[in-house]
Q: 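Shown below is the structure under consideration.
Residue numbers start from 1 in every chain, and the chains themselves are labelled A, B, ... in the order their sequence lines are given, proteins ahead of strands.
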Amino acid sequence: MDAITFEGVGKQYRLGTVSSGTISHDLNRWWAVNVMHKEDPYLKIGETNDRAHKGESEYVWALKDINFKVEEGDVVGIIGKNGAGKSTLLKLLSRVTAPTTGKITAYGRIASLLEVGTGFHPEMTGRENIYMNGAIMGMTKAEITRKLDEIVDFSGCERYIDTPVKRYSSGMTVRLGFAIAAHLEPDILVVDEVLAVGDAEFQKKAIGKMQDISHGGGRTVLFVSHNMAAVKSLCKTGILLENGRIKQLGGIFDVVNSYLSEQESYFLIKDNIQTIDKDLIINKIMINGTESSVSRITHNQPTLSFQIEGKANNISNAEICLILKNNNGEALALFSLSEDSPLLTLDGEFHFSKKILLPERLHHGMIRIDLHIHQPNVQYYLVANNCCCLDVEGYIPATGQIRSINSGFITLIEKND
Amino acid sequence: MGKPVTIITPQHRLWEVDFREIWRYRDLVDLFVKRNIVVQYKQTILGPLWYLIQPLLTVLMNMVVFGGIAKISTDGVPQALFYMAGNVCWFYFADCLNQTATTFTTNQAMFGKVYFPRLVVPIATVISNLLRFGIQMGLFVGFYLYFFFTGADIHLTWAAFLIPLLIVLLAGLGLGFGILVSSMTTKYRDLTILFTFIVQLWMYGTPIVYPLSIVTHSTLRLFIMANPMTFVIEAFKYATLGQGYFSWLGLGYSFAFMCVLLVVGVMVFNKVQRTFMDTV
């Protein structure tokens with residue numbers, strides 16, 4: 001049984017501002033469609049949605065030729081770069097805006113969580129807002145009253161429930177908003193990257209709840225996120241969007257892997273620098289022998305090479321360190337360039353090249369690297385979080401044991417004397 | 001298969017308003033009404049008293065300018081009562097009109113995130129404005145009783161039974177015109193600038209500060225008679241004060257006007273709501 005069907009769905013947007021220029025297009029379109037009974041002339045033009053390149057036409061297709069089916073009870077992760085059309089797709093499904101072409105069919109009540117706490121009024125109390133928000137999502141008052149205790153309990157905001165929402169922290173607002181949505185009991189739940197604000201405990205709770213929703217009630221969930229770990233743990237199938245088209249559709253692991261590996265050609269490690277001191281210029285960072293921010297650690301690779309080149313203007317007491325994290329952002333290991341020497345003084349051109357010894361048997365998975373140059377406990381000169389993503393081919397036990405992909409990176413083995 | 005089927009396509013028929021859907025969302029209408037009312041009082045000291053101050057000051061000013069300086073006749077009705085009757089009705093109409101006319105622009109944050117029948121919002125606005133209208137009507141009744149017992153020449157007529165219909169006409173005209181304006185201003189904002197100005201002019205084209213009976217110039221009279229608000233206000237004055245122009249034909253015209261306006265308004269609103277997020 002298909003819960004959702006997309007048939008040739010497209011959405012065209014006009015770029016630029018609305019001004020006197022647009023009215024001639026509007027009149028032209030009106031003339032062609034209503035008087036001449038021809039096709040909309042502007043539907044034929046329009047370019048694919050590539051955010052980075054300058055285009056010829058004012059019209060772009062944010063989505064084009066989208067065809068897919070989602071089975072009932074399936075949890076679908078939608079991934080892609082910024083501007084690939086993920087949110088547009090959810091907007092069409094949740095009927096915030098209508099498609100330009102094609103047809104979407106959905107069976108069952110749709111609830112969308114494009115943003116939690118939609119319609120929250122800051123002056124009203126948490127309780128009043130639960131009713132308001134619930135009703136906006138299509139619940140009746142009686143339904144909300146029946147679930148009120150459960151919602152309050154799930155949100156963990158009981159103490160504040162009769163306080164105006166404007167006094168809430170942003171995390172509390174999200175908790176309350178998600179709690180309402182999670183208790184909606186929709187047949188189709190559409191979720192867009194809402195879990196970014198809550199704390200770790202709540203994120204875990206929210207993902208658990210979404211799993212319950214899909215497993216327990218056979219409900220269908222569409223989930224957009226950049227958090228690959230969350231996507232992988234939650235979804236069965238994945239859709240990879242690129243420039244408004246479906247690039248890949250299939251099992252979630254394949255889709256996530258091809259998404260991560262295709263990023264290779266796009267970003268360099270030094271493109272991922274978030275903050276940098278004005279006295280510091282970085283020319284080149286290489287990890288594992290490449291400047292690309294994605295690379296692989298193959299079987300039995302004993303070392304990881306690290307190189308950094310740049311120019312500095314009298315930076316003293318500096319420490320350069322690399323933090324290796326797993327996919328959930330938990331630190332696994334730390335390497336410091338000045339571990340066994342006094343802190344560095346960088347003045348003029350500098351060049352470092354180090355080899356880091358890797359544990360003998362790494363588990364299969366992803367390792368992310370944070371690069372920091374800082375004066376310990378004083379200030380940061382450079383922050384590049386998640387600057388590099390290492391795909392660890394790693395050690396996969398051949399014993400047939402089922403082991404979760406997120407169960408750790410270092411496999412312990414017995415020592416043979 | 002008990003599940004509702006949603007089909008989303010770019011094509012639409014001109015008239016495909018799902019009234020059953022709006023009915024399903026009646027609890028939301030109710031909550032919006034409450035929210036509109038509650039939010040207005042928050043963090044004000046005088047609270048709902050403001051509802052009384054506004055008509056009192058307006059009536060006072062009308063008495064000074066139109067009654068005192070311009071010496072426009074009020075058909076023998078005490079000035080305060082005459083102006084208040086017209087103004088209270090006009091305020092309700094104008095509130096409905098002004099507030100529904102910004103439906104899309106003021107709610108774009110909410111509309112951009114979640115779907116519900118958009119018509120719920122203007123409907124709730126019209127209902128919540130009834131509270132204010134009721135309070136101002138109470139003020140009018142107070143004045144009425146005072147003047148009645150001090151022997152002014154006023155009397156209720158049988159037409160008072162039509163007052164609920166008159167309120168429906170005020171609400172319907174305000175709503176119909178309001179949603180039409182809100183739909184037409186999502187993409188091109190030119191009309192918003194013109195709009196406040198039009199509402200102001202419209203008030204002078206409606207017999208509020210003057211009785212219809214003193215308009216004798218034939219083209220001018222025709223012009224004022226073409227205004228659907230004229231018959232509503234005049235009928236209200238006739239019903240409560242015993243002075244005014246009452247005509248079934250006129251009210252019929254207003255009613256027909258309202259119906260056409262609502263149909264066209266809902267139609268345009270419905271068309272615009274589907275994609276207004278892209279152009280607002």
Q: If you compare all heavy atoms of Ile144(A) against all heavy atoms of Ala135(A), which two are closest, and at what distance to 0.1 Å?
A: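 Shortest heavy-atom contact: CD1-N, 3.8 Å.
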
Q: Measuring heavy-atom distances to chain B, does Tyr13(A) have an atom under 4.5 Å in its side chain, in its backbone, in both, or in neither?
A: side chain

Q: So which of Lys103(A), Glu7(A), Lys11(A), Arg95(A) has the largest heavy-atom pair count under 4.5 angstrom toward chain B?
A: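 Highest number of pairs under 4.5 Å: Arg95(A).
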
Q: Can you tell me which of Leu92(A), Val96(A), Val9(A) forms the most heavy-atom pairs within a distance under 4.5 Å of chain B?
A: Val96(A)

Q: Can you tell me which of Val5(B), Ile8(B), Asp27(B), Leu28(B) forms the most heavy-atom pairs within a distance under 4.5 Å of chain A?
A: Ile8(B)

Q: So Thr125(B) and Asn129(B), side-chain contact (heavy atoms from CB on, under 4.5 Å) or not? Walk me through it.
A: CA-CA 6 Å; Thr125(B) 307; Asn129(B) 279 333; 3.9 Å; yes

Q: Can the positive tip of Arg26(B) be found less than 6.0 Å from the middle of the six-membered ring of Trp23(B), inside 45° of the ring normal?
A: yes

Q: Please lay out, stage by stage, how Val60(A) and Gln12(A) fare under the test side-chain contact (heavy atoms from CB on, under 4.5 Å).
A: CA-CA 6 Å; Val60(A) 291; Gln12(A) 192 188 47; over 6 Å; no

Q: Is Glu143(A) salt-bridged to Arg109(A), cutoff N-O under 4.0 Å?
A: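 Salt bridge: yes.
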
Q: Under 4.5 Å from any heavy atom of chain A, what part of Asp30(B) do you find: side chain, backbone, both or neither?
A: side chain

